[in-house]
Amino acid sequence: MKTPRGFSYAGINCGIKAARKDLALVFSDVPCAAAGCFTVNAARAAPVRHAAARLPTAGLRAIVANSGNANALVGPDGESDVAAVCTAMAQALGVHLDAVVCASTGIIGVRLPYQKLVAAAPMLAAGRGPAIELAAQAVMTSDTRVKLASRVLSVGGVEATFSAFAKGSGMIAPEMATALAFITTDISVTPQALQSALSRAMKSSFEMVAIDGDMSTNDAVFVMANGLAGNPTIEEGSPDHAALCEVIEALCVELAREIAEDGDGATKLVEVRVAGAPDVTIARDLARSVVGSNLVKAAIFGADPNWGRVLAVVGARVGSQHWPIDPTQAIVRVQGVCVYDGRAPASVDVLALRAKMREPFVRIEVGLAEGSCQATAWGCDLSYDYVKINADYTSLTHASADGTVARDDRLTNYSPGFKRALLVEALSYISRFTNKRAVVKYGGAAMVKDSLKASFANDINLLRTAGLLPVVVHGGGPEITQTMETLGMGKSEFVDGVRVTGREDVKVVEMVLTGKINTELVSLLNQQSAHAVLLRARKLVGDHGRDLGMVGEVTHVNQELLEVLLDKHYVPVVSPVGLGEDGEGYNINADSAAAEIAIALKAEKLIYLTDVPGVLENGELVSELTASELRAKIQSGVVRGGMVAKAKSVLRAIEGGVASVHILDGRAAHSVIAELFTDRGVGTLVRKD
């Protein structure tokens, strides 16, 4: 990501956390105009009080931020620890003490191990460079991914760059949503104009996020502008100031949405838009109230279009505040479908709407009839994982005598009843796994999101240690598409879910599948010495003689090599690229390759990870099917589009002797474990007749 002139960043581990990065630095080569917005929580943390007293200012050079410890509610030690950290950082950077502020996030009520930060200051200063991602990683707590944004603005004939990163996923509530956000820019602007732009942006961005209704002690949003773009300095109220406000607002909205999407335990990003309100303050209040309602959030998690809960929230706020609004005259839409038309419930295809609500983004619109003002708020659904994450946060998080914070998720920390049930169920399944073979097709979102990659690799290794013999066949559709478009090769064409592959395209396919993805996955499997297996193939001709280019079908699986690897307790990782008798390389559909490998190995199970919950009919998940029933659903058009090729591979595997095939939603962490450790699984199970 392009970063502004004169800024550098760093992120290291200083010892607050056991291994992950926990100390970040944002640094400018020259003094900056700087501004900040902070939590209104009366129990503000020490670093918030320190920074809020200093900003806005004209001479800031650096922000040092730590994760793992909030330095909050620890008494007078909090202020002295902030002073020690800022002093050490100023000395390491060679700048004045007044040019440094700090920020913290993490566990509350534990004294900051400031000695670790002080000792790490020289290393942090020496490690700075253009990689803003390193700083973004170092401020993460329960976040599952880094949150980055950038913009460019032309002012006075020169181009200024804006780059930003943020953290936040829990204790998110308006005024200002619990977050740390850092915006850097090389634009020239007065501190007062910068502060007003940032304060204005808060109202439509971070103040419109609600995850759980709880406000942190450490919320802080910073912006630093060093003026190296060389534009005429922007004053408050000027035309350029209006453009600056728009850019900062756009950055903050993007980061706010990312925080909402990454809410603790979230499975869906939720957007609530309220229009037709008598003034914008009321519109914002109502939008936040709806998106923050636990009942609304729980309904969204269950894909339940319960519009009654939405109007109940609106009615409650209107009644308690005595606003001149009649909620019974509102129009409510969920995923664009009108569910209440201003007079009565609308006629709705509930099953189709529930299917739309299973998508990762859910939009709720409330149209009032009392004005022209509107507002949008963001949040997430309320999942089972939210309760576990936050119930365990303090009980399983411990600070050692030297201040190191680590998770202690040992089974001994749970109730005796829970432990007994868990162990009995787990052991009963483990006894069935010994020396059984399972082929897992790895694809879709599970290959894109870092947290899902890690959970998948962990699942495979856990299954192997439990006695199962897994074989992984990976796809690479998103990576192939992105690479081909980056190289200017145009959009990919698909026929019934199969990528049409030209002679030049196949070189890209081989590069992506056997290079980047295979290497990355083997690395994640953590020294299991996984090996790629060469498949034999021939050119595949599509239906009605359609030429699919360099697409192949498997003619032979090197079963002997797979057997040797499994006997040696390796985890084979197979790239779906086959060698033809003509010496050509062919792109093989990963689903088809997985089916053929499962047949060759006489696998007990074949598992497909994909980007849908399973086989859907009228929007509802079909949890179990026979092969004949699946075939009938293909013929009737219930199974269509990209799912057709997958379903045909399922049938091929069943016909070839595989006992059962399961289609799982790879967007859910640990879905492979959940499938194997439950009788009915979590997706669609297909068995032979």
Side-chain angles (χ1 to χ4, degrees), residues 302-303 349-359 429 432-433 436-446 459 463 468 470-471 473 475 494 496-498 543 554 589-668 670-689:
D349 183 340
V350 176
L351 292 180
L353 181 53
R354 291 192 68 178
K356 290 185 176 183
M357 291 185 69
R358 289 193 183 91
E359 296 173 3
Y429 280 100
R432 306 178 197 176
F433 288 162
K436 298 293 176 62
R437 295 168 179 186
V439 176
V440 183
K441 186 267 179 166
Y442 173 58
D459 286 356
L463 292 172
L468 191 73
V471 176
V473 181
F494 291 83
D496 291 332
V498 177
D543 294 340
V554 176
N589 178 273
D591 295 336
S592 299
E596 296 299 333
I597 291 171
I599 293 169
L601 290 174
K602 299 179 175 57
E604 188 82 8
K605 278 185 174 291
L606 170 60
I607 300 168
Y608 288 114
L609 291 181
T610 185
D611 284 346
V612 294
V615 175
L616 301 176
E617 184 170 11
N618 296 323
E620 291 293 313
L621 176 68
V622 181
S623 61
E624 192 165 338
L625 287 167
T626 65
S628 296
E629 290 170 339
L630 178 58
R631 189 175 291 107
K633 292 187 186 301
I634 297 174
Q635 295 169 351
S636 66
V638 170
V639 174
R640 58 185 183 274
M643 183 60 78
V644 172
K646 193 178 303 294
K648 289 181 177 179
S649 297
V650 170
L651 293 175
R652 166 64 182 148
I654 295 290
E655 292 164 358
V658 177
S660 63
V661 183
H662 212 116
I663 303 173
L664 303 179
D665 192 341
R667 297 170 299 183
H670 303 295
S671 56
V672 175
I673 290 287
E675 190 276 331
L676 291 175
F677 276 78
T678 57
D679 288 328
R680 293 184 61 83
V682 294
T684 298
L685 178 65
V686 184
R687 301 184 186 275
K688 63 182 179 181
D689 295 324

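Nothing fancy with the numbering, it's 1 onward along the sequence.
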Applying side-chain contact (heavy atoms from CB on, under 4.5 Å) to L651 and R631, what does each step give before you reach the verdict? CA-CA 8 Å; L651 293 175; R631 189 175 291 107; 4.1 Å; yes
Please assess R687 against E624 for the test side-chain contact (heavy atoms from CB on, under 4.5 Å), listing each intermediate value before the final yes or no. CA-CA 8 Å; R687 301 184 186 275; E624 192 165 338; 3.2 Å; yes
Decide yes or no on side-chain contact (heavy atoms from CB on, under 4.5 Å) for V554 and S592, but give the supporting numbers first. CA-CA 8 Å; V554 176; S592 299; 5.9 Å; no
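Of all heavy-atom pairs spanning R354 and A303, the tightest one is NE-O, 3.0 Å. Annotation for G614 and M643: closest pair O-CE, 3.8 Å, computed over non-hydrogen atoms. Of all heavy-atom pairs spanning I654 and A627, the tightest one is CG2-CB, 4.0 Å. Contact detail for L621 and G683: the closest heavy-atom pair is CD2-O, 4.0 Å. Nearest heavy atom pair, residue V658 against residue E604, reads CG1-O, 4.3 Å. The shortest heavy-atom contact between A595 and L606 is CA-CD2, 3.9 Å.
Considering only residues two or more places apart in sequence or on other chains, D665 meets the side-chain contact (heavy atoms from CB on, under 4.5 Å) condition with P613, R667. Residues satisfying the side-chain hydrogen bond (donor to acceptor under 3.5 Å, both in side chains) criterion with E359, sequence neighbours excluded, are absent altogether. By the side-chain hydrogen bond (donor to acceptor under 3.5 Å, both in side chains) test, R652 pairs with E596, sequence neighbours left out.
Atoms NZ and CG, from K441 and N589 in turn, are 7.0 Å apart once rounded to the nearest 0.5 Å. Distance check, rounded to the nearest 0.5 Å: CG of L616 to CG of L351 gives 11.0 Å. From L463, atom CG reaches atom CD1 of I607 across 7.5 Å, with rounding to the nearest 0.5 Å. With rounding to the nearest 0.5 angstrom, the CG atom of L609 is 11.0 Å from the CD1 atom of I663.
Remark: of the listed residues V650, L625, L630, L630 is the sole one forming a side chain to side chain contact (heavy atoms under 4.5 Å, CB included) with V639.
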